[in-house]
Amino acid sequence: MAATGKVIAITGASSGIGEAAAKALAAAGARIVIGARRTDRLQRLASEIEEAGGTVRHRALDVTDRDDVAAFARFAQSEFGRLDVMINNAGVMPLSPLAALKVDEWDRMVDVNIKGVLYGVAAALPLMEAQGSGQIVNLSSIGGHRVSPTAAVYCATKFAVRAISDGLRQETDRIRVTVISPGTTTSELADSISDDIAREEMRGFRAVQIPAEAIAASILFAVSQPDDVDVSEIVVRPTASPH
């Protein structure tokens with residue numbers, strides 16, 4: 001198993017799982033390209049990776065902009081000559097009861113969590129097909145396996161990520177497709193919850209968490225397998241998780 005030398009692009013890399021994955025994969029010898037809206041954090045992360053001896057490039061990225069995601073994938077290819085793995089990690093989670101009618105937040109989740117993943121697939125797939133190999137890693141959630149109150153729309157987006165991923169897996173015999181479904185993980189996702197009811201419920205839900213590095217380790221495992229081995233889906237949750 002090895003990630004050494006692979007060119008790996010990661011969306012939503014400025015914090016949480018994306019940041020942890022960038023560090024873990026770079027430490028394993030991969031060449032990393034990180035993207036996010038918060039360029040100051042990207043620059044800091046890139047400096048940390050380089051100081052640790054890793055190879056990294058960074059670029060501002062808005063996953064809701066199809067052209068920007070395509071340019072991000074091309075940037076990775078232009079910097080390193082190929083794109084071996086695309087990790088569609090960017091996500092938002094502004095939970096609320098449906099009756100709260102926070103339609104703008106629903107739209108945002110659809111734009112980032114579903115369309116952002118689709119744009120990542122659309123950007124990476126032609127490059128990978130042309131080179132004859134590649135892997136797409138999509139971040140879903142345990143919310144993509146089980147629906148909870150206040151999380152209907154969020155869960156719907158994560159169910160969609162699993163459906164898109166499995167459809168792509170069945171349509172290609174050259175591109176590996178992996179879905180990672182984290183349980184409660186240390187991240188900034190819950191910071192976007194504006195609804196008081198949902199915020200209070202999530203406080204209890206997230207009482208038991210695992211570090212983002214645990215999810216990064218599962219990503220490293222999946223991308224390090226031989227080319228003829230496709231780790232299709234991994235669920236990673238706290239041992240004490242009740243969900």
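Side chains included, hydrogens not; waters and symmetry mates left out as well; all remaining heavy atoms used. Here, residue 1 is the first one in the sequence, and each next residue gets the next number. The structure presented is a predicted model; accordingly, all values stated were derived computationally and were not measured.
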Worksheet item: So how far is it from Arg37 CZ to Leu42 CG, rounded to the nearest 0.5 Å?
Response: 10.5 Å
Worksheet item: Counting N and O atoms only, with roles assigned by atom type, does the side chain of Lys102 sit under 3.5 Å from a partner on the main chain of Ser96, one being a donor and the other an acceptor?
Response: no
Worksheet entry | Sole residue of Val33, Ile10, Val63 in side-chain contact (heavy atoms from CB on, under 4.5 Å) with Phe72 | Val33
Discussion item. For a side-chain contact (heavy atoms from CB on, under 4.5 Å) check, start with the C-alpha distance between Lys23 and Leu45, then their side-chain angles and the critical distance, and finish with the verdict.
Written reply: CA-CA 8 Å; Lys23 290 179 178 178; Leu45 174 57; 3.6 Å; yes
Worksheet item: Which heavy atom of Thr4 sits nearest a heavy atom of Ala28, and at what distance?
Response: OG1-O, 3.3 Å
Practice prompt. Kindly say whether Gly12 contributes a backbone atom to a donor-acceptor pair with the side chain of Asn89 at under 3.5 angstrom?
Written response: yes
Listing, residues 75-86 side-chain donor-acceptor contacts under 3.5 Å, not counting sequence neighbours, or none:
| from | atom 1 | to | atom 2 | distance (Å) |
| --- | --- | --- | --- | --- |
| Ser78 | OG | Arg74 | O | 3.3 |
| Ser78 | OG | Phe75 | O | 2.8 |
| Glu79 | OE1 | Arg57 | NE | 2.7 |
| Arg82 | NE | Asp84 | OD1 | 2.7 |
| Arg82 | NE | Asp84 | OD2 | 3.4 |
| Arg82 | NH2 | Asp84 | OD1 | 3.0 |
| Asp84 | OD2 | Val7 | N | 2.8 |

Worksheet item: CD/Gln225 to CD/Gln135 distance, rounded to the nearest 0.5 angstrom?
Response: 9.0 Å
Worksheet item: Quick one: do Met109 and Leu98 end up in the same hydrophobic cluster if we chain Ile, Leu, Val, Met, Phe, Trp and Tyr together by side-chain heavy atoms under 4.5 Å apart?
Response: yes
Practice prompt. Would you indicate whether the side-chain heavy atoms of Tyr119 and Asn88 approach each other to under 4.5 Å?
Written response: no
Practice prompt. Give a yes or no on whether the backbone of Lys158 and the side-chain of Ser140 come within a donor-acceptor separation of less than 3.5 Å.
Written response: yes
Worksheet entry | Non-hydrogen atoms of Ser14 and Glu19 that approach each other most closely | O-OE1, 3.9 Å
Discussion item. Heavy-atom count check: over 12 atoms from other residues, nucleotides or ligands less than 6.0 Å from Arg59 CZ?
Written reply: yes
Worksheet item: Would you call Val235 and His145 a side-chain contact if the rule is heavy atoms closer than 4.5 Å?
Response: yes
Item to complete: Enter the distance from Leu61:CG to Thr64:OG1 here, rounded to the nearest 0.5 Å.
Response: 9.0 Å
Fill in: Closest approach of Gly134 to Met128 (non-hydrogen atoms, all atoms of both residues)
CA-SD, 3.7 Å
Discussion item. Please say yes or no: joined through hydrophobic side-chain contacts below 4.5 Å, possibly via intermediate residues, are Ile210 and Leu220 part of one cluster?
Written reply: yes
Item to complete: Might you point out which heavy atoms bring Ser165 and Asn138 nearest each other, and give the distance in Å?
Response: OG-ND2, 2.8 Å
Discussion item. Tell me if a side-chain donor or acceptor on Ser224 pairs with a main-chain N or O of Phe221 at a distance below 3.5 Å.
Written reply: no
Practice prompt. Any salt bridge (charged side-chain N to carboxylate O under 4.0 Å, His left out) involving residues 121-137? Give me the pairs, sequence neighbours left out, ordered by first then second residue.
Written response: Glu129-Arg174
Worksheet item: Hey, does the side chain of Thr185 reach the backbone of Gly183 with a donor-acceptor pair shorter than 3.5 angstrom?
Response: yes
Item to complete: Would you name the heavy atoms of Pro238 and Thr184 that are closest together and state the gap between them?
Response: CG-OG1, 3.4 Å
Discussion item. Please say yes or no: joined through hydrophobic side-chain contacts below 4.5 Å, possibly via intermediate residues, are Phe159 and Met93 part of one cluster?
Written reply: no
Practice prompt. Kindly indicate, with the supporting measurements, whether the criterion side-chain contact (heavy atoms from CB on, under 4.5 Å) is fulfilled by Leu125 and Thr172.
Written response: CA-CA 10 Å; Leu125 199 54; Thr172 177; 5.7 Å; no
Worksheet item: Under the 3.5 angstrom rule, does the side chain of Lys115 hit a backbone N or O of Asp65 as a donor-acceptor pair?
Response: no
Worksheet item: Mind checking whether Ile142 and Val179 sit in one hydrophobic cluster, side chains of I, L, V, M, F, W, Y counted as touching below 4.5 Å?
Response: no
Discussion item. For the CZ atom of Arg162 and the OG atom of Ser141, what is their distance to the nearest 0.5 Å?
Written reply: 10.5 Å
Worksheet item: If you measure from CG on Asp62 to CG on Asp111, what distance do you get to the nearest 0.5 Å?
Response: 9.5 Å
Discussion item. I want to check something: taking the side chain as every heavy atom from C-beta on, are Leu139 and Val161 in contact at a cut-off of under 4.5 Å?
Written reply: no
Fill in: Closest approach of Tyr154 to Leu95 (non-hydrogen atoms, all atoms of both residues)
CB-CD2, 3.6 Å
Discussion item. When you compare the side chain of Ile164 with that of Ile114, does any pair of heavy atoms fall below 4.5 Å?
Written reply: yes
Discussion item. Taking Ala90's backbone N and O only, do any of them form a donor-acceptor pair with Thr11's side chain (distance below 3.5 Å, no angle check)?
Written reply: yes
Worksheet item: Ile8, Ile234: one ILVMFWY side-chain cluster at the under-4.5 Å cut-off?
Response: yes
Practice prompt. Any chance you could lay out the salt bridge (charged side-chain N to carboxylate O under 4.0 Å, His left out) test for Asp166 and Arg169, step after step, and finish with the verdict?
Written response: CA-CA 5 Å; Asp166 198 48; Arg169 179 190 64 79; 2.9 Å; yes
Worksheet item: Got a second to check how far Gln43's CD is from Asp40's CG, nearest 0.5 Å?
Response: 7.0 Å
